[in-house]
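Chain identifiers are assigned alphabetically (A, B, ...) following the order of the sequence lines, protein sequences preceding nucleic acid strands; residue numbering begins at 1 within each chain. Source: prediction; values computed, not measured.
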Amino acid sequence: MPELPEVETVVRLVRPRVVGRTVTGVEVTWPRTLGGLTRPAFGRAVVGARIASAWRRAKYMVFDLERGGATAGWLVGHLRMTGRLVVQRADEEPDEWRKVSLALDDGRVLRFTDVRKFGRFTFTTDLARTLGPLGPEPLSEDFTAEWLAAALKARRRMLKPLLLDQSFLAGLGNIYVDESLFRAGLHPLASSNRLRRPQVERLHAEIRAVIAGAIEREGSSFDTFYRTPEGQPGSYQDEFCVYARDGLPCRTCGTTIRRLVVGQRGTHVCPRCQGRGPRRRAGKAPAAGARRPGR
DNA sequence: AGCTACTCCTGGTAGC
DNA sequence: TGCTACCAGGAGTAGC
């Protein structure tokens, strides 16, 4: 799934092809991708506007629009599960899953494509409201071990759902949370307010290392979905320690990696490196078979 | 406050 | 080979 590193990769590759371009037309083939905006309203807002810059916040792609040099709102995209954003020549065969296409003044087309239709690509004049509450960027100066220690202590939540919560920390998804927790030696079910200071510092460092490493490798492409806008797969999947490795030996200790379900999310742990987790109430042992979790 | 369940979706695949 | 049932999951929402 596209998370911070994948979205960052997409923005970096798309940016030089769209910044400075003016939108000359739109095609919307699945209106729900607009997230409530009507097709005509989207067209009116976007056609004739110039894309002034492109950047990322959390897992959102943001494009500043201008008219006559003044801010005219923002294009905001979210890839969710299977979204892609590409720039193509207008005469190139369009993807059968295209949802929103913007014709540009250089004869190319910015296309938002999405097999599963969960993604969003729309226009807003209220960026803060569209993005919603977001925690700090993991690679920003705001994200310090001190901040993390205080923030973890202020909540009493299981680490995994907390780290997935975008209003707590921005940009992490299922893959990078599992990888960060493994590398920090922490169990996903551990309670946020019970970490000791050295554990917090290690978690902080590993989150940053995982995210920075994944950006360097242009994200992870373990299935057929995520590709860079150039069509290339990322390579961070080669670095996975636990994600999608259930049934395989831990790279550190050889113990079999297990899969459990935490907050309806597939979760991968090394029972030895990350411990067995806090004692949960009896009666609902998490499914953790090496093959199929069942349901 | 924090947890669970449900919704949106469809390609891939396990199991027959 | 072909069919069916189920699974993945980011984020929003509802209910306990």
Side-chain angles (χ1 to χ4, degrees), chain A residues 1-8 10 29-36 56-61 76-85 95-100 112-122 124 129-135 138 151-179 188-194 219-227 237 240 242-247 259-268 277-281 283-295:
Chain A
M1 310 84 246
E3 306 178 22
L4 189 161
E6 289 77 21
V7 179
E8 179 66 26
V10 169
T29 36
W30 184 256
R32 282 196 203 179
T33 300
L34 301 176
R56 178 195 59 76
R57 173 75 169 110
K59 301 174 197 171
Y60 290 97
M61 308 171 289
V76 178
H78 196 304
L79 303 170
R80 293 284 180 96
M81 310 294 301
T82 54
R84 292 191 60 196
L85 190 69
D95 192 302
E96 67 172 295
W97 295 295
R98 69 189 186 281
K99 301 289 178 276
V100 177
F112 184 85
T113 279
D114 191 6
V115 171
R116 271 180 218 166
K117 303 179 177 174
F118 285 178
R120 293 291 177 264
F121 194 82
T122 190
T124 183
R129 189 162 158 236
T130 300
L131 298 186
L134 293 170
L152 289 171
K153 199 145 230 165
R155 321 254 187 138
R156 294 181 177 202
R157 292 182 63 182
M158 295 185 289
L159 287 180
K160 168 125 186 186
L162 182 57
L163 293 174
L164 285 173
D165 184 341
Q166 301 298 297
S167 70
F168 179 79
L169 182 62
L172 301 198
N174 211 33
I175 294 172
Y176 299 115
V177 167
D178 280 8
E179 292 299 309
L189 295 175
S191 189
S192 64
N193 60 322
R194 297 218 173 148
S220 309
S221 299
F222 62 96
D223 59 22
T224 54
F225 294 119
Y226 169 72
R227 292 291 181 277
Q237 66 278 5
F240 285 174
V242 288
Y243 188 83
R245 296 195 73 245
D246 44 307
R259 181 184 186 278
L260 40 147
V261 175
V262 180
Q264 285 86 248
R265 297 271 135 65
T267 298
H268 310 79
R279 230 167 292 196
R280 307 291 296 170
R281 256 173 308 186
K284 50 171 235 176
R291 293 254 104 217
R292 315 238 65 234
R295 206 218 90 104

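- In this structure, A:D114 atom CG and C:dG10 atom P are separated by 13 Å, rounded to whole Å.
- Of the candidates B:dC9, C:dG9, B:dG11, the closest approach to any side-chain atom of A:R32 belongs to B:dC9.
- Taking atom CE of residue A:M158 and atom C1' of nucleotide B:dG2, one finds them 9 Å apart after rounding to whole Å.
- A:F168 comes within contact range of no nucleotide atom at all, as no heavy-atom separation falls under 4.0 Å.
- Distance A:W30 CH2 to B:dC9 C1': 9 Å, rounded to the nearest Å.
- Under a 3.5 Å cut-off, the side chain of A:E3 and the backbone N or O of A:K59 do not form any donor-acceptor pair.
- Taking only side-chain nitrogens and oxygens, A:K117 comes nearer than 4.0 Å to OP1 or OP2 of B:dT10.
- Within 4.0 Å of A:R265, counting heavy atoms only, lies at least one base atom of the nucleic acid.
- A:G119 comes within 4.0 angstrom of no nucleic acid atom, judged by non-hydrogen atoms across all strands.
- The side chain to side chain contact (heavy atoms under 4.5 Å, CB included) with A:K160 is formed by just one residue from the set A:L260, A:D178, A:L189; it is A:D178.
- Judged by distance alone, with hydrogens and angles left aside, the side-chain atoms of A:Q166 form a donor-acceptor pair with the main-chain N or O of A:L164 at under 3.5 Å.
- For B:dT4, the OP1/OP2 oxygens have no side-chain nitrogen or oxygen of A:R157 closer than 4.0 Å.
- A distance-only check finds no donor-acceptor pair linking the side chain of A:T113 to the backbone of A:R84 [under 3.5 Å].
- Remark: A:H78 is in phosphate contact with C:dA11, judged by side-chain N or O atoms under 4.0 Å from OP1 or OP2.
- Side-chain atoms of A:R56 come within 3.5 Å of backbone N or O of A:A58 as a donor-acceptor pair.
- Here A:F118 packs flat against the base of C:dG10; its ring centre is closer than 5.5 angstrom to the base's six-membered ring, tilted by less than 30 degrees.
- Following rounding to the nearest Å, A:H268 (NE2) and C:dG9 (P) show an atom-to-atom distance of 7 Å.
- Taking 4.0 angstrom as the limit, A:W97 places a side-chain polar atom (N or O) nearer than this to OP1 or OP2 of B:dG11.
- A:Q264 comes within 4.0 angstrom of a base, heavy atoms only.
- When the C1' atom of C:dA11 is taken as reference, atom CZ of A:R120 falls 10 Å away, rounded to whole Å.
- When the P atom of B:dC8 is taken as reference, atom NZ of A:K99 falls 17 Å away, rounded to whole Å.
- Regarding contacts with the backbone of C:dG12, every side-chain N or O of A:R80 stays at 4.0 angstrom or more from both OP1 and OP2.
- Rounded to whole angstrom, the span from the CE atom of A:M81 across to the P atom of B:dG11 amounts to 14 Å.
- Side-chain N/O atoms of A:Y243 include one lying less than 4.0 angstrom from OP1 or OP2 on C:dG9.
- Atom C1' of nucleotide C:dG9 and atom NZ of A:K160 are separated by 10 Å, given to the nearest angstrom.
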